[in-house]
Each structure stands twice: as C-alpha cells, then as structure tokens.
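First comes the structure, then the notes that go with it.
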Amino acid sequence: MSQALTWAFVAALAAAVATRLWLARRQMRHVRAHRDAVPPAFAASIALPAHQKAADYTVAKVRLQMAEIVLDALVLLILTLGGLLQWLAGQWQRVFPLESLWHGSGLIVSVFALTAAIGLPATLYRIFGIEERFGFNKMTLKLFVVDALKGMALAAALGVPLLVAVLWLMGTAGDWWWLYVWALLVGFSLFMQLIIPSFIMPWFNKFSPLQDPVLVERVERLLARCGFRSRGLYVMDGSKRSAHGNAFFAGVGAAKRIVLFDTLVLRLSPAEVEAVLAHELGHYKLHHVRKNLAFSFAFTLASLFILGLLVGQPWFYEGLGVQSKSLPIALLLFILVSPAFSFFLHPLGTLLSRKHEFEADAYATHHAAAGDLEHALVKLYQDNATTVTPDPLHSAFYDSHPPAAMRIARLKTL
Ligand SMILES: [Zn+2]
C-alpha cells in the first residue's frame, strides 16, 4: 500500500507540473504571437507601445513562474521521498520526544521557515527585478526587510499559537479531533476578518479619509443608491510599494470600510472611480465574500475529514518517505502533498470567481454608467500592464477575472 501511494504521489505531482509548464508555454507563445498588433476592440484605447509592454511584462512573469514550478516540485520531492523531513524529525527528536506538542510545532515551523527561505530569491527577483524593470516597483530594500520582520512577528504572535492549539486538539480531542480543529479554524478565520482592517492593515499602510469633495459626494450618493452603510471612506498609500492600482472593501458587519488605492484615485476620473466602486459594492451586495468563505470552510472540513482517516495508516507516512509517525507529521505531510492531488480542482475555483466578476459587473451597470466602468477597466489593464491577449486555456485555468475582451464585450450588452 505504501508503494502504491508513492507512485500515486509521483504521478500526481508529475501531471500537475507538466500541466503547469505546458500552460505557461502556451501563455508565452500566445502573448508573443499577438505582441505586434493591438486587438481591434482595444485599438482606440490602448497604444501599441503599452500593448507591447504588457506582453513583455506577462512573458517575464511567466518565465519566473516556470522556474518556481520546477523548484517547488524538487523541494517537495527532497522533503518527502528524499528523506529531508525524516532527517529533520530525527534532529528535533534529540530535543523533544516524538509524540510531544513541541516536537510537532518545532518541526512544522522549521519546515515552513525552510520553504520560505528557499522561495525568497524568486520573491526578491519578482519585486526588484521584474517589477522594477517595468516601472511598477516603489519598494525599497529597507521597506522589504521591515515588511518581512512585521510578517514574521505576526506569524509568531498569531500563527504559532494557532498551530499549537491545532496540534493540542489533534492529540487530546479523541476520534473527532478533525471536527474540533475545523471549528477552531473557522473561528480563527472569522476573528481575522474582524481584526485585519482595523489592527493589521494599518501596521503596513497608512489610511487617510478620502479628501476630494467631488469624489466624496459622488461616492456617498452611490452608497445611498445601493443602500450601503460603511464605517468610512479611506485612501490607502498603495504607492508606497507598487504603482498597481486597486479598490476594495475590508472587514465585515459594522467594521466594514471602503478603501481606494491612492494610485487609483490619481488615475481615474471621479465617474470611473464610482463605477469601480459600484462593482466592488456588487461583490458585497451579492454575498460573494460570504459565499467564498463558506466554500473555503467546506473545503477545509473535507480535507480535515480525509486527514482524520489517514493519520492512523502507517502506509500514509511510509509511502511519503517518513518512518517516524506522529499526528503533527501527518498534518505536515498532508499540507505539503495534498496540493499535488487537488491541483486539477483549480479551474472550478476560477470558474466560480469569474461568475462572481460578471455578476458584480452587471450590478455595477445598474448603479453606475457601464461606459465609465469600461473606460476604468481599460485604464487599469493598461496601467497594470495586464495583457488583453491571454491564452484562453491558461486564462480559464488560473485567472480569477475574465479576460478583458470577454468582460468588455459583456458590458456592452448590458
Ligand atoms: Zn471584482
């Protein structure tokens, strides 16, 4: 049985890696093939140099992703079948007994730290190589280090206690531990929704009330039309890190606030900002946030149930290259290995997300002008150097938002 699992794992990982590399190559080829002509639908709004910049930016990002796909797969194989995890478990066993809470916590934290360290060069290259070259990066190395330290402090203050609580429940809550762990994770995630906007985000960015009186008035009229109450209208200094623009809602219930990136306010006209906000309001009013949370809770429950069946099976550990058996090791193996098996579910998530985007666009056209949304989208595509000629298959697999041409064609029919 353990050998069957080894082969199933290798086959699933190989299929996932091959598919991802194949999709990446398709994307590069498609974008390059359309590099020298702006599609007719955008000919009036996107200049050729901007279109070519978007193509080159897309290709540069895909190339880095291909290297990351191969590196991640190698690291995963070395950790599991290569025996690194077993070796690390042995090292921690010199300090703490195998079944103890501290052995499990130490092992899991060290593996996460190791994979984060291995991923660091690619992250640095993305920001200071690619983003810099295309003029998007506003981050200094100092800010990067400060962000990383804050992230580590947050992980230590929130992530480690959560991990210890999960491992404790696994060890003491009996056969139904997976249900208790699920309840804990759901509670934690809802708690984070409450504290992120008011306690965590201000740690990374400055939020100031929206000043522009014309825009404030427009937005307030829009909110009244849509029957939406919020705890304020803020501009975030997104330009501190990147020239990319965005708008979003943060928080739930009475804590919700509307946040506009300063880059967005600068680039879009008040009517266009209003249209973008109407789209975001659509996500909120159509309960997309809640639906996504519900889906992720259901997925977590199913995963934990499966893990509950696996923890007692010796072949689950041995088939993945580990001889030492403990509940934390089972959890760690599951976290590391399950993405290879669930990879082909990815397009389902993408499909749902695109459905929500179309619905939010439709909502926006009922409360703001469709033409303004269209203009805003084209400006954002151009400013963010998002390609308007993605490979259809690559896009269907990964893109949470429908391709530009499809989205704008749909807007014209509304
Ligand atoms: Zn959206």
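Ligands are counted one by one from 1 in listed order, and the atoms in each one are counted from 1 as well.
- Taking the ring centre of F136 as origin, the terminal cationic atom of K53 falls inside the region bounded by 6.0 Å and 45° from the ring axis.
- Coordination check, D361 versus the Zn ion (ligand 1): failed, since every N/O/S atom of the residue sits at 2.8 Å or beyond.
- Taking backbone and side chain together, H401 holds no N, O or S atom under 2.8 Å from the Zn ion (ligand 1).
- Remark: D56 engages R35 in a salt bridge, criterion side-chain N to carboxylate O under 4.0 Å.
- Rounded to 10 degrees, the NE2-metal-OE1 angle spanning H283 and E357 at the Zn ion (ligand 1) equals 110°.
- Look at H279 and the Zn ion (ligand 1): an N/O/S atom of the residue is under 2.8 Å from the metal.
- Two rings, from F334 and F341, have their centers 6.0 Å or more apart.
- Results of the ring pair (Phe, Tyr, Trp, His ring centres under 6.0 Å) test with H356 over H401, H288, H287, H283 single out H288 as the only residue that passes.
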